[in-house]
**Student:** 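Take this structure first; my questions come after.
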Amino acid sequence: MPETLAYSAAVRSALELLLEHDDRVFLAGEDIGVYGGAFGVTDGLIDRYGPERIRDTPISEDAIAGMAVGAAITGLRPIVEMQFSDFVVNAMDPIVNQAAKLHFMYGGKVEVPMVVRAPGGGGTGAAAQHSQSLEAWFAHVPGLKVVMPATVQDACDLLLSAVADPNPVMLLEHKLLYKTEGPFVRPKAPTDVTEPLGSARTTRAGTDATIVGYSIMAVRALEAAEQLAERGIDAEVIDLRSVRPIDHNTVRASVRKTGRLLVTHEAPTAGGVGAEVVTGVVESDALDYLLAPVQRVCGLEVPMPYARDLERAVIPQVEDVVDAVEQLVKA
Amino acid sequence: MPETLAYSAAVRSALELLLEHDDRVFLAGEDIGVYGGAFGVTDGLIDRYGPERIRDTPISEDAIAGMAVGAAITGLRPIVEMQFSDFVVNAMDPIVNQAAKLHFMYGGKVEVPMVVRAPGGGGTGAAAQHSQSLEAWFAHVPGLKVVMPATVQDACDLLLSAVADPNPVMLLEHKLLYKTEGPFVRPKAPTDVTEPLGSARTTRAGTDATIVGYSIMAVRALEAAEQLAERGIDAEVIDLRSVRPIDHNTVRASVRKTGRLLVTHEAPTAGGVGAEVVTGVVESDALDYLLAPVQRVCGLEVPMPYARDLERAVIPQVEDVVDAVEQLVKA
Amino acid sequence: MGRNARRDPRSLPARVLTNMWRIRRFEEALEELFSRGMLHGTMHLSIGQEATAEGACGALTDGDFITSTHRGHGHAIAHGGDPMLMMAELLMKDTGYCRGRGGSMHIADVAAGNLGANGIVAGSMTIAAGAALTQSVTDSGRVVLCFFGDGAANEGSFHEAVNLSAIWKLPVVWLCENNLYGMSMAQELSTAGGSVANRAGGYGIEGLAVDGNDVVAVHDAVKGAADKARSGNGPTIVECITYRYRGHSKSDRNLYRTQDEIDRWRDQHDPLARFEQRALDSKLLTEGDISACRAQAAADITEAVRQALLQPDATADDLLESAYA
Amino acid sequence: MGRNARRDPRSLPARVLTNMWRIRRFEEALEELFSRGMLHGTMHLSIGQEATAEGACGALTDGDFITSTHRGHGHAIAHGGDPMLMMAELLMKDTGYCRGRGGSMHIADVAAGNLGANGIVAGSMTIAAGAALTQSVTDSGRVVLCFFGDGAANEGSFHEAVNLSAIWKLPVVWLCENNLYGMSMAQELSTAGGSVANRAGGYGIEGLAVDGNDVVAVHDAVKGAADKARSGNGPTIVECITYRYRGHSKSDRNLYRTQDEIDRWRDQHDPLARFEQRALDSKLLTEGDISACRAQAAADITEAVRQALLQPDATADDLLESAYA
Ligand SMILES: Cc1ncc(C[n+]2csc(CCOP(=O)(O)OP(=O)(O)O)c2C)c(N)n1
Ligand SMILES: Cc1ncc(C[n+]2csc(CCOP(=O)(O)OP(=O)(O)O)c2C)c(N)n1
Ligand SMILES: [Mg+2]
Ligand SMILES: [Mg+2]
């Protein structure tokens, strides 16, 4: 029987399992110790695992990520936290120029098994520098994997898989998801989970349109589909889960069935992951099945504003998805 | 009568014009003074304009870009150089969190008229950390404009327009273009040029397929089109010139005419600007005109290798475009 | 423009004291509004740190610039910002400093010399260097005062900005508000070398540490540093030791420090109480003057809130045109 | 593994001298191959800096690690790297250290303790801190020696890495090769505070400057720093003053310095000539020994080139599977 757990607790349970079962694993980040992390994810861990394995760092994102690279190539399994994903701007060199490239650049003779956890997204009134969704940057970098769990179970499982992976993985959580609750089957050991990185999940089968989302927009997409069902529209919902690599086959198969595609993410529309999803469809034969132009329901092309109504206007809401699918099906 | 000039000299001529006509303009970057810049673009400028306006900086990319933000909001017009676009990883905070957002975030009461020039791309054997094409990152950031001149004339004109623009502009040049030569009409004053940022240019009219490229791939696309013409295929070529904003209308109009679309860039395929171009088409009625799945001829999904043959394999070549268009037209 | 543009006929000590009380009352008003659910997001209050903001900005001259931090309300007020426009911003009003787009962490008034609060730790330091470069090349005679926290001193941006300012002899004052913690991280644990001022030597510039809860000490140190910067002799790091009474932000449970420590600072080192006592002792102000200052500050903030609440709400109407100039 | 694993029965001075000559001959061989169009890209030669590489790596113990820079050939050889495998890499061979994927700026031999050259200035510094953390938490008794240039000392990464190493007392030696220039930028103009070693004080650690062209002085300083690190007493900055005779890279026209300056360093301070003289004077080596060392080095590099040229070319066959482990 699954228990009910909060998303942040599920992340924590994965961290605990890892710390318990693998000596090489350690955590590092700003205020992850006694403070418990800005979003409480690491709450209590320092008491059980001590300051050597739950490492509070100075406010030095470049050093946090770079240190993780160095620790990873010498045998440890660092899991580092960027307090907000926005601060990853200060760690682009170690992540993109180092972690992502070392394995290739050094002729395959080194592995960089590190995970960077970073909470992204808006809706908290924290404005432009604390609300970004930057996954598209990393999804464009060969050598990285990028996962974005939407459910409580995935919050745990994808983290376990990320740490098991010999490659650097960006694990981007959404701040508003931390407090969401859902069914959770607690793994007994990290190896219990064999969820591969890179597979999408169809969270609702349907015939009229395909909605592809990830992270919080996978959740909203599902809500939208339920509302659409009441209006007689039967939408299929795909939770991408991984934005690098992207499981194009699952999307294509769905589009061949429904003939209609809507992609949704919170990041700004232009140049977002949605464009890659769409292109994956129309560069395949699935193009022939499209009955109408594709739709994107994504973030508006502005930095995130502070004021509640403005912020809400920028972030795609359930009703935006509902409206867009209705139009799509009418088209 | 246009003279013939090298691309790098055209960039320099824009810089000279600006320095000559506008006291607020200054240049800053690593080794741009007596060294003349890593690619010789600023050669000789320090002799004419002195070290206050041609500022050699320490190796501090974050400070270079951040300083430019501060100078711009207080009335100067900084043009800074990232020695290689790869090093912009160290300047993501000032560019993305500051320059791009201040105008919006401060309620419209400040302007950030700065230009970041950065040479990108491979083909020089400089390997993974000196060959990247990172435009897709910036193309995804509201508040920035991103231009990528392919021709000698545009190398000058788009820089003049970028400096005239009240917004932060990323001007990404391609290293291999610096030595290319082409016709050049020298503007007399910065204001002679009114080339708007954000418009594409159709560099060859054709009826069988649309090839969209930018920067060096706009050049290769044109070469490919000429070869295709010999094989009886009449391709239309669009030089995007700006990747944020993207001139979707020009692309759509072309696709409505040709029914076939190929996009090409040197950056890795997944999550690249090409996906945005494609999506701009298939979220419009131009979808209905597509006679075949779209094609992408872009960088392979690996960091840039050093060895000549491997590097060549990763970077799209003229023949790759030719082959892909042939297939596209057959499809 | 700037703080001294507000003509206030009272004595300097009265103005200083009133301003410090304004800062405190402003923060308290925010707490109150927050608890009533009238604000969005979180905020970083500077209660306990008023002397640093006021002492530093008070040492500047009309036309000088500041850059500020995530904990920036005090800086804005001390630099002459209008509490009503700040409050309007926090209350998501269209007439707020940032039209409701910025909120607590982004209050700016560039025209008046406040180049803006910044949500990125140390993010304003390189910007301050650039603003100082403008002053230097235009011979404006103005200086830039850059506030940053003790935690910010461990960001790479600190290093690059300070180095640049030193080699270019930029007219900037690096004002470190060392409130002993960067969020939960004790400054002494995060910062090798002991103090932030101590790092100045590595850049060949002067560094000094002062009691940040002594408004006069702060003023004097900044005045000296600003004069030096103004006369072309480059930057100084002025480290002000101070303390914040409230948590880092709204989500802080204060687990990394003791209540005792907080109480000690509040009861024994409060910058307002200390300045009042000093002004009384040296007969600069009477008990009556002090009461008047307090009352003035309270009234100002009450009025600011009242006015702000009447302002029109921020609107999404022109949102899509707002990202570009 | 590491350099001392290569068993060489000759005396220490002979080995040191041979190694320095190997570095120089390697670089010269590259120049030759480059001029014949057999290399791709550019390269950064360390001719003139051999004593720093050799002195530093020679002070390490088997199993110790280094991180290297864009100017890393000397480091790799000094740390026991195989010149044949290096040459094969530069000649784009499949058996090169990086299978032809890395080239000059990315030579690494992680298994043997060379954690890699790095094309990003200061990019290896935070990596070195992390590698040192591994040593610290696993009690390996090993240290990490991080080479970086004078120019790198102005990157934010320098600051963050050194601070982290100091507060965590990591077993790392920060080895600055101060060759007076970062590309065209004179170190004295770019680096406030005068010297890189001088910055150590700001982090509460020891910093020392030594004559980087004196292999014994470098060795001794690094030995001390490594011992200190190994015994849990944290990092040291060792600044080695040295000079590169060649341009920064192949495109350098040397406009930022005089030929006279170059000549002076080469004629009066050459690290090889100085060590030879010293060894002669102190009767550690005879003229004959010295000739033998030179001949050995030359032969080694000639053979390395010959062998490397015979290796199979790097192949794109498995390129697409190469980005991920
Ligand atoms: C680059 C960056 N990293 C981390 C944060 C999260 N954060 C905000 S304030 C803060 C503490 C800052 O400490 P300090 O500089 O001492 O300022 P104080 O809060 O004490 O005023 C942290 C970690 C941030 N906003 N930006
Ligand atoms: C982050 C970054 N910025 C700039 C460069 C370009 N670059 C390569 S080496 C170099 C000079 C480095 O100087 P220094 O650290 O003194 O090393 P040296 O070349 O003198 O050995 C520069 C500017 C780079 N590779 N990486
Ligand atoms: Mg603090
Ligand atoms: Mg150097």
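Lettering follows sequence order; numbering is per chain, from 1.
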**Student:** Could you look at Thr315(C) and say if it's the side chain, the backbone, both or neither that has a heavy atom under 4.5 Å from chain A?
**Tutor:** backbone
**Student:** Going by distance alone, is a donor N or O of one side chain under 3.5 Å from an acceptor N or O of the other, for Glu276(A) and His140(A)?
**Tutor:**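 Side chains of Glu276(A) and His140(A): no pair found under 3.5 Å.
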**Student:** Give the ring-plane orientation class for Tyr35(A) versus Tyr256(C), where under 30° counts as parallel, over 60° as perpendicular and anything between as tilted.
**Tutor:** parallel
**Student:** Do Arg296(A) and Asp320(A) sit within salt-bridge range, that is, some charged N less than 4.0 Å from a carboxylate O?
**Tutor:** no
**Student:** For the side chain to side chain contact (heavy atoms under 4.5 Å, CB included) test, which of Asp150(C), Asn178(C), Leu175(C) pairs with Cys240(C)?
**Tutor:** Leu175(C)
**Student:** With no hydrogens and no angle check, just 3.5 Å: does a side-chain donor-acceptor pair link Tyr306(A) and Glu311(A)?
**Tutor:** no
**Student:** Which residues pass the side chain to side chain contact (heavy atoms under 4.5 Å, CB included) test with Glu188(C), sequence neighbours left out?
**Tutor:** Ala186(C)
**Student:** Using heavy-atom distances under 4.5 Å, tell me whether Leu39(C) contacts chain A through its side chain, its backbone, both, or neither.
**Tutor:** both
**Student:** State whether Glu16(A) and Arg53(A) are salt-bridged, where the test is any N-O pair (Lys NZ or Arg NE/NH1/NH2 against Asp/Glu carboxylate O) under 4.0 Å.
**Tutor:** no
**Student:** What part of Asn118(C) is in contact with chain A, defined as an atom under 4.5 angstrom from a non-hydrogen atom: side chain, backbone, both or neither?
**Tutor:** both
**Student:** Donor-acceptor check, side chain of Arg244(C) to backbone of Asn179(C), threshold 3.5 angstrom: yes or no?
**Tutor:**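 Here the side-chain-to-backbone pair does not exist.
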**Student:** Counting heavy-atom pairs under 4.5 Å to chain C, which of Asp62(A), Thr124(A), Asn90(A) comes out on top?
**Tutor:** Thr124(A)
**Student:** Which residues from residues 157-165 of chain C are near chain A, with near meaning under 4.5 Å between non-hydrogen atoms?
**Tutor:** none
**Student:** Which atoms of Asp252(C) come close to chain A, meaning under 4.5 Å heavy atom to heavy atom: side chain ones, backbone ones, both, or neither?
**Tutor:**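 Contact with chain A involves both backbone and side-chain atoms of Asp252(C).
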**Student:** Go through Gly33(A), Ala307(A), Gly36(A), Ala63(A) and name the one with the most non-hydrogen pairs under 4.5 angstrom from chain C.
**Tutor:**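 Heavy-atom pair counts peak at Ala307(A).
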**Student:** Below 4.5 Å from any heavy atom of chain C, which atoms of Ala38(A) appear? Answer side chain, backbone, both or neither.
**Tutor:** both
**Student:** Using a 3.5 Å distance criterion without hydrogens, assess whether the side chain of Glu135(A) forms a donor-acceptor pair with backbone atoms of Gly272(A).
**Tutor:** no
**Student:** By a 4.5 Å heavy-atom criterion (distance strictly below it), what part of Met105(C) contacts chain A: side chain, backbone, both, or neither?
**Tutor:** side chain
**Student:** In terms of side-chain geometry, is the basic nitrogen of Glu32(C) or Arg36(C) positioned less than 4.0 Å from the acidic oxygen of its partner?
**Tutor:**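 Judged by the 4.0 Å cut-off on N to carboxylate O distance, Glu32(C) and Arg36(C) do form a salt bridge.
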**Student:** Just so I understand: if I count every heavy-atom pair under 4.5 Å between each of Ala316(C), Gly149(C), Gly119(C) and chain A, which residue has the most?
**Tutor:** Gly119(C)
**Student:** I'd like to verify something: which residue of Met185(C), Met183(C), Arg253(C) has the highest number of heavy-atom pairs under 4.5 Å with chain A?
**Tutor:** Met183(C)
**Student:** Go through Ser249(C), Ser184(C), Ser190(C) and name the one with the most non-hydrogen pairs under 4.5 angstrom from chain A.
**Tutor:** Ser184(C)
**Student:** Determine, using ring centers only, whether His130(A) and Phe87(A) are less than 6.0 Å apart.
**Tutor:**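 For Phe87(A) and His130(A), the ring centres are under 6.0 Å apart.
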